[in-house]
Amino acid sequence: MNLPGLLETREAHGETTFWVEKERLLEACTHLRDEEGFTFLSDVSAVDYLGWPGAPRDVAGYYGTVGGRETGAPGSQGLARLPELQPLRRFSVVYHLLALRPGAPRLRLQVWVDDGESVPSVVPIWPTADWHEREAWDMMGIPFEGHPNLVRILMDDDWEGHPLRKDYPLGGEPVRFSGEE
Amino acid sequence: MAVDDRPPKRLAGLGLNSERLLWPTKGPGVFENEVAQLEQALGVTTLEKAARWAQSRSMWPDTFGLACCAIEMMAIVSSRYDIARFGMEAFRSSPRQADLLIVSGRVSHKMAAPLRQIYDQMLEPKWVIAMGACASSGGMFNNYAVLQSVDKIVPVDIYVPGCPPRPEALMEGIIRLHERVQAGVPHAYEMQQVAG
Amino acid sequence: MAIAERPEARASIYEGTRIPSPIPTILQVPEELRDSDDVIQVNFGPNHPSTHGVLRLVVDLNGEQIVGLRAVIGYLHTGFEKNMEQKTWWKAITYPERIDYVSYQNNELVFVLAIEQLLGLETPEKARWMRMCLCELNRLHSHLVWLATSALELGVISMFWYCFRERERILDLFEMVTGGRMHTRYFQAGGLAEDIPQGFFPEARKFVEWMPKAVDDYEGLVDRNKIWLERTQGIGILSADDAIALGQSGPVLRASGVDWDLRRARPYLAYDEVDFDVPVYPNGDVYDRYRVHMDEMRQSVRIVAQTLDRLEDMDGQPWIADDRKVVLPPREELHTSMESLIHHFKIVTEGYRVPEGQVYSVVESPRGELGCYVISDGGPKPWRVKFRAPSFLATAAAPTLMRDALIADLIAIVGSLDGVMGEVDR
């Protein structure tokens with residue numbers, strides 16, 4: 001298929017992923033919905049790749065790479081295998097699409113952005129994206145341009161920070177055991 | 001509490017019948033004297049005891065089901081576990097009409113304020129059961145979103161562990177609460193100072 | 001039992017779209033009423049008399065008519081996704097169950113299927129069939145809880161006791177097999193945690209024979225009841241195009257006339273080997289959603305009966321895959337084999353490693369398309385887990401359904417959407 005703005009295609013585990021240029025995202029989505037029949041947007045997820053093993057300064061073979069993966073893993077022959085997928089930027093917004101026809105063909109669209117960069121909103125194309133994008137904004141801090149109502153959805157309105165980012169701490173309290181001093 | 005030096009009141013004189021009704025002129029029996037001494041020692045009267053008995057036999061819970069524990073809380077109303085035996089099947093939606101707040105489920109920080117509001121709207125005497133691991137201590141969710149134990153914002157009388165606790169476990173918690181009430185143990189809000 | 005004769009529906013499926021604009025998930029008060037003194041804003045706060053959990057609806061009312069609606073969620077946000085990133089794959093399986101706490105095994109299943117897809121692990125036949133049996137029992141459980149609570153809210157109070165009576169029987173079966181009533185944690189990457197116990201099949205058969213009569217009882221209570229029909233027919237209408245645009249799936253989509261069931265379209269487990277029908281109804285109102293749920297209950301019983309037939313023949317077969325890098329070796333082997341001991345140690349302490357990749361696995365949960373997007377970096381812990389929850393979208397779609405609703409209809413509509421707040425807020 002001739003998808004506007006296509007950068008790369010990957011097939012793995014029976015699934016197809018398209019990497020798309022952010023600027024041409026709306027064109028690509030319209031094409032997919034109208035011409036290819038992907039009328040159902042299943043999911044919009046945001047992913048933070050901060051600390052993904054294999055960042056430029058990681059060298060294969062070092063013990064204890066950033067991802068915490070030791071070289072002693074079974075089958076590794078002492079070498080740290082760096083992941084095949086190398087993220088283009090820190091964040092990725094991932095769209096899962098479904099066509100309601102026999103065989104249930106599914107597609108994944110991936111857009112790469114940096115911290116602070118905004119992604120065009122697909123709400124005009126699939127209204128269901130409204131709350132998904134709000135959640136991505138709330139949890140990851142990725143602004144969506146053109147979103148009609150970009151406010152926090154899961155966290156309190158006055159919450160600071162974006163909890164699902166990798167540099168946001170898990171939080172909670174240290175557990176004290178009664179036998180301790 | 002100061003011990004009262006008044007002569008023991010005859011139970012019969014309070015309008016409650018004792019087994020010596022057939023022999024009204026006999027005077028307070030051993031049983032009545034012992035009960036009267038106990039009452040003096042604890043500083044409670046038979047009327048208070050009657051009031052506590054009534055409270056424990058008809059403690060209406062508030063519909064505060066949050067998550068998974070709520071489903072098991074609904075199960076105690078069902079016919080197999082039947083909390084109507086204890087007079088508690090009337091789950092009141094309005095906190096003003098409820099006596100018991102069973103916090104069933106994980107309390108997120110966003111929900112903490114409404115929880116405290118509901119607790120404040122309840123009229124005394126009131127009790128709180130923290131049902132499940134999440135309400136008792138944050139459960140498996142030791143993170144930014146979940147309040148690590150509901151007793152940080154409301155005083156809790158009974159903690160029922162489990163994830164979720166079986167309906168029988170919740171019933172045991174409720175029955176222990178009834179026993180507490182009947183024994184005269186003060187409410188949690190009298191014993192703890194939680195948020196005033 | 002025959003379906004009651006339907007009077008002409010009050011409003012037929014409509015032309016165009018009823019999705020509010022510009023914000024699809026907020027019904028805004030129309031211009032002419034904005035400054036009116038007749039419009040009051042009522043807060044159906046997070047704690048409310050209905051049994052749906054902590055949903056907050058801010059409703060603008062003009063008399064009894066709903067003219068504005070906004071749903072506020074987040075009161076049950078638990079941070080599942082962030083917590084799961086800190087746990088090993090094995091330990092993380094405990095978390096998804098609590099997301100949709102009424103159909104917990106479907107949540108477990110979707111996550112475990114994602115892990116298996118990344119690992120490329122084949123599960124033995126017995127595991128696939130038993131998983132299917134438990135998931136269908138869980139579908140029954142979910143629909144029973146739905147029916148009990150939704151009917152309770154509309155005034156059919158006795159339905160609650162009838163449904164929970166059957167629910168207890170299902171939970172007895174779960175307890176027999178898995179040891180726990182809810183949040184069973186029985187599925188492992190590779191199959192099941194333990195073999196199916198003796199005595200399960202006779203009990204399950206008794207249940208399967210009893211259940212259709214119970215469904216007849218429920219329908220007998222409400223199907224021809226004038227009040228029920230008045231309160232559910234023609235209420236909360238959603239057209240097929242709007243449903244697809246709003247990302248609806250499961251009973252909501254099927255009640256709007258779209259024949260879409262993931263068990264048919266992209267069969268997982270052994271759904272292509274069993275016989276069942278997918279109920280589809282054309283009118284898209286609350287009554288049709290109720291009918292879809294009831295028919296699905298009957299179909300689930302059919303599927304369970306077929307799985308029992310197959311499973312009884314599989315006595316003695318393995319219930320979990322044999323890959324020792326992922327699955328614990330049988331305990332007897334630990335006494336004799338050094339490799340088994342080492343594998344056991346590595347799996348328990350560090351956890352197994354899932355190869356790098358990303359996967360979006362889906363199942364047809366009782367509420368619709370439940371998806372799990374998992375990214376692995378090759379290590380012992382997930383990098384990112386995202387659950388696509390059908391109730392999240394159903395709650396987002398609520399304003400579209402409430403266009404011409406009265407306040408009493410709000411209860412019926414929210415009930416029919418079958419939202420579980422644990423899923424919505426995760």
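Chain letters run A, B, ... following the sequence lines, proteins first, then strands; residues in each count from 1.
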| said: Are there over 12 heavy-atom neighbours, none belonging to B:Arg176, within less than 6.0 Å of that residue's CZ? | reply: no
| So how far is it from B:Tyr144 OH to A:Leu164 CG, rounded to the nearest 0.5 Å? | 5.0 Å
| task | Look up atom CD in A:Glu173 and atom NZ in B:Lys152, then write down how far apart they are to the nearest 0.5 Å. | result | 3.5 Å
| message | If I compare all heavy atoms of B:Lys110 with all of A:Ile153, which pair ends up nearest, and what's the gap? | response | NZ-O, 3.5 Å
